[in-house]
Amino acid sequence: MQDEKRTVKLPHNVIMEDRKKLTVSGVSDVDSFDDNTVVIYTDMGELTVKGDGLHISGLNIDTGDLSLTGNIYGLMYTDDNRRKGGSFLSRLLK
């Protein structure tokens with residue numbers, strides 16, 4: 001049942017405190033993470049967090065909540081269509 005696509009969108013909020021703590025709701029998955037980059041899938045698109053010493057301090061996929069600590073330098077959304085549409089080259093050749 002976990003493999004089924006979620007039909008109800010979770011509310012999506014991003015709360016940053018002093019550029020040291022980030023709380024994100026509406027998280028459906030975490031694609032990758034290391035000390036400098038965390039890539040998060042949300043119902044509003046892919047969210048990339050850049051920083052230094054990043055650490056996921058809490059993650060609950062059932063409720064869609066993620067907590068992240070570290071020195072946060074930037075947040076960037078990538079349109080959700082990019083993930084569904086395939087690679088840049090495949091979209092270019094359509």
Side-chain angles (χ1 to χ4, degrees):
M1 188 162 205
Q2 286 184 345
D3 292 335
E4 293 178 16
K5 186 156 179 101
R6 182 179 298 153
T7 57
V8 176
K9 286 190 174 190
L10 296 172
H12 178 63
N13 295 299
V14 176
I15 301 169
M16 187 176 343
E17 301 173 37
D18 299 324
R19 294 180 64 182
K20 300 280 185 196
K21 181 178 180 187
L22 184 71
T23 304
V24 182
S25 63
V27 174
S28 57
D29 199 5
V30 174
D31 182 49
S32 62
F33 63 92
D34 60 31
D35 287 347
N36 301 315
T37 306
V38 179
V39 179
I40 305 164
Y41 290 140
T42 74
D43 290 336
M44 300 300 290
E46 182 181 288
L47 174 63
T48 301
V49 180
K50 296 281 188 171
D52 199 24
L54 299 178
H55 174 74
I56 296 175
S57 55
L59 173 63
N60 187 332
I61 295 298
D62 293 332
T63 62
D65 296 323
L66 176 134
S67 297
L68 178 68
T69 58
N71 296 314
I72 300 166
Y73 301 145
L75 305 172
M76 182 179 71
Y77 280 95
T78 305
D79 189 14
D80 198 33
N81 294 332
R82 179 176 171 191
R83 198 168 41 136
K84 292 178 185 174
S87 70
F88 171 74
L89 186 58
S90 70
R91 289 191 318 269
L92 184 65
L93 297 175
K94 279 188 179 181

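Side chains are part of it too, since the values below use all heavy atoms of this structure and drop only hydrogens, waters and symmetry mates.
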Check side chain to side chain donor-acceptor pair (under 3.5 Å) between Asn71 and all other residues, then give those that pass, not counting sequence neighbours.
-> Lys20
Just wondering, do Asp65 and Val27 contact through their side chains at under 4.5 Å, heavy atoms?
-> no
Minimum side-chain heavy-atom gap Val49-Leu22 below 4.5 Å | yes
Drop me the distance from Ile56's CD1 to Leu68's CG, to the nearest 0.5 angstrom.
-> 6.5 Å
Considering residues at least two apart in sequence or located in another chain, which fulfil the side chain to side chain donor-acceptor pair (under 3.5 Å) criterion with Asp29?
-> none
For the residue pair Pro11 and Ser25, what are the closest heavy atoms and their distance?
-> O-OG, 3.2 Å
With sequence neighbours excluded, what pairs up with Thr23 under the side chain to side chain donor-acceptor pair (under 3.5 Å) test?
-> none
Between Ser28 (side chain) and Tyr41 (backbone), is there a donor-acceptor pair under 3.5 Å?
-> yes
Rounding to 0.5 Å, atoms CG (Asp34) and CG (Leu54) come to a distance of 8.0 Å
Name all residues meeting the side chain to side chain contact (heavy atoms under 4.5 Å, CB included) criterion together with Thr48; count only those two or more places apart in sequence or in a different chain, and write none if there are none.
-> Thr37, Val39, Glu46, Lys50
Sequence neighbours left out, what passes side chain to side chain contact (heavy atoms under 4.5 Å, CB included) with His12? Give chain and number order.
-> Val14, Val24, Thr42, Met44, Tyr77
CG/Leu47 to CD1/Ile40 distance, rounded to the nearest 0.5 angstrom?
-> 5.0 Å
What is the minimum heavy-atom distance between Met16 and Leu75, and which atoms define it?
-> CE-CD1, 3.8 Å
Would you list the pairs meeting ring-ring contact (aromatic ring centres under 6.0 Å, His included) in which at least one residue belongs to residues 42-64, sequence neighbours left out?
-> none
